[in-house]
Amino acid sequence: YAFIYCDRLGSVTLPDTLKSIGLWAFYSCDLLQSVTIPEGITAIHEGAFGSCVSLETVSFPSTLTTIGDSAFSYCVNLRQLRLPEGLNYIGSNGFSGCSGLAEIQIPDSVTGMGVWAFGKCTGLKTVTVGTGMEELPERMFSGCTALTSVKLTDQVTVIGEWCFAECESLEHIDLPQNLQTIGSRGFLKCKKLKNLLIPESVTHIGISAFSSCEGLTQIVIPEGVAYLSPGLFSWCANLEYVVLPHGIEGIRFCTFQHCTKLREIHIPDSVTYIENHAFLDCDSLVQVVIPEGVTSLGVAAFEDCKNLVSVILPESLIEISGDAFYGCKKLWHVMYKGTEAQWNEITIHGGNTRLKNAARHYECTGQELEHKFIVEPTCTEKGTLNVICTLCRERCYNIPVAPLGHQFVNGVCQCCQEVDLQVLDVNSDGVLNARDARTLLTLIAEEGTTSELGGSKGDVNGDGRINTRDVRALLVLIAQQE
């Protein structure tokens, strides 16, 4: 506590004889701008430079092995951080709230960190984690809202709880090939995250791990995952396609809640239960097949699936809980694999009027419905799907299908050939022409190649870098347009 709250201390010279810097030694020294820590020091203890709001640069010695809890937390003007090779441990909140940091490289020598080590570093854009880290701790980068690039080594086996939660700018991350565990809420509210490939080595994914990842459109869960945690993909509003592993026993509560673009789901034959709110508000589901072996459907399991028109139910079903199909206004057909007598033995709780009033067909195989497009959906226009029950063809109805959306590759939609002006119109004049290529060349000349602009103007080939290859690709597209 030697200089705690010395808010007029502007500089400090530390003697070469020091071996460590004590608890809260310079905490909240508001005018301190630069610190050189001499060789010989091995530890910077808890809170030593915490809340030094003017601190811009720190020079660390090669002898340093430990940075304690909150040692540099909320040093909001700290701009550069060069951690020494030889550093072993960074404590909880070690650099949390350092909003001025833009880049961090964690040395290979670091083998452990506490929770929130770099949490709420809101200016942080690029992170490289060294080979010494096998487990990323809880909330390690939580709330790093500007983070766009993360490089992990294959030594990482665990991504801790809330590790990348609320990293709202993170679009892509290459998960380590030896990864085993993704902790609860590990990627919660990573709103731009998309095209995520989960390695086959993963065996556990925690509660709400990908909840509110609005950029996810498809996901494949590895076969080694035996358990779908609650809320796993809840509020993934653009998720359209999911592949589930064959060995899971059930669909837990809220797993796909509010996945409003989920069009189809193949529920594995190993599933025996579907819990409360599992598919609540999945507006785009048209047909659901519940596999043989399922004995119960939870409360509001399919509530407000507004476009659900048919459901195939197994002979094994014993109970349908309250509101399981409440608000399913287009549910016209129930295909039941058992007999009428068996159907009458099922306990159906309240809030399932639409289910009870639907046309029921007994001893069905699940192949009785035909789906044909009357109008194919395009990138921008809705389509119309015609559904026919082959058992009672007089019940024939149409379902509107949402536009597919543009599928841009190298700046051009693969379906309709429309160009993506958000990327290609470099000079923002609303027109794609040679002036955009000249502007891009000028940008490269002035700023050099950048690896932080993936998906932004000028990244024509979508590789995350802006360079002369993008200029060539842009010129080719301009020639094709003309």
Side-chain angles (χ1 to χ4, degrees), residues 3-12 14 21 24-37 44-61 64 66-84 87 89-107 110 113-130 136-137 139-151 162-171 173 189-190 192 447-448 450-454 456:
F3 299 96
I4 190 172
Y5 296 124
C6 290
D7 54 8
R8 295 188 179 182
L9 182 66
S11 63
V12 62
L14 300 173
I21 298 177
W24 310 97
F26 297 94
Y27 181 81
S28 197
C29 291
D30 292 350
L31 297 182
L32 192 62
Q33 293 183 339
S34 177
V35 173
T36 299
I37 300 173
I44 301 172
H45 291 295
E46 181 177 352
F49 295 94
S51 293
C52 290
V53 294
S54 297
L55 188 64
E56 295 181 1
T57 60
V58 179
S59 177
F60 294 106
L64 187 66
T66 302
I67 295 176
D69 296 351
S70 303
F72 294 91
S73 62
Y74 291 94
C75 293
V76 294
N77 279 299
L78 188 62
R79 304 297 180 190
Q80 292 184 340
L81 188 62
R82 294 183 179 180
L83 299 172
L87 181 67
Y89 181 77
I90 299 173
S92 298
N93 292 287
F95 294 92
S96 64
C98 292
S99 54
L101 287 175
E103 182 179 0
I104 292 171
Q105 291 189 348
I106 299 171
V110 174
M113 290 190 196
V115 301
W116 284 102
F118 295 95
K120 295 186 178 180
C121 292
T122 53
L124 187 63
K125 295 181 178 180
T126 303
V127 169
T128 302
V129 178
L136 305 188
R139 293 186 182 269
M140 183 176 180
F141 298 106
S142 180
C144 294
T145 52
L147 188 63
T148 58
S149 175
V150 178
K151 295 180 181 179
W162 300 84
C163 187
F164 293 98
E166 298 180 330
C167 292
E168 297 177 353
S169 299
L170 187 63
E171 294 187 17
I173 182 171
K189 293 185 179 180
C190 291
K192 294 185 178 181
E447 301 186 13
T450 178
S451 60
E452 299 177 3
L453 296 175
S456 66

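Between atom CG of residue Asp7 and atom OG of residue Ser51 there is a gap of 12.5 Å, rounded to the nearest 0.5 Å.
Under the 4.5 Å side-chain criterion, counting only non-hydrogen atoms from C-beta, Val58 is in contact with Leu78. Side-chain contact between Ile106 and Thr128 is absent, with no heavy atoms from C-beta onward closer than 4.5 Å. Within the 4.5 Å cutoff, no side-chain heavy atoms of Val129 are placed close to those of Val110. A heavy-atom distance below 4.5 Å is found between the side chains of Ile104 and Leu124.
Applying the 6.0 Å contact sphere to CZ of Arg82 captures no more than 12 heavy atoms from other residues, nucleotides or ligands.
Between Phe72 and Phe60, a ring centre-to-centre spacing shorter than 6.0 Å is recorded.
Remark: Tyr74 pairs with no residue by the ring-ring contact (aromatic ring centres under 6.0 Å, His included) rule, at least two apart or across chains.
Between Ser149 and Leu170, the shortest heavy-atom contact is N-CD1, 4.4 Å.
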Exercise. Does the side-chain contact (heavy atoms from CB on, under 4.5 Å) test come out yes or no for Met140 and Met113, once each step is laid out?
Worked result: CA-CA 8 Å; Met140 183 176 180; Met113 290 190 196; 3.4 Å; yes
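Judged purely by atom type and a 3.5 angstrom limit, Ser73 has no side-chain atom pairing as donor or acceptor with the backbone of Gly94. With hydrogens and angles disregarded, no donor-acceptor distance shorter than 3.5 Å links the side chain of Asp69 to the backbone of Gly91.
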Could you go through residues 27-36 and list every donor-acceptor pair under 3.5 Å that involves a side-chain atom there, pairing it with any protein atom two or more places apart or in another chain?
unit_1 : atom_1 : unit_2 : atom_2 : d
Ser28  : OG     : Asp30  : OD1    : 3.4
Ser34  : OG     : Thr57  : OG1    : 3.1

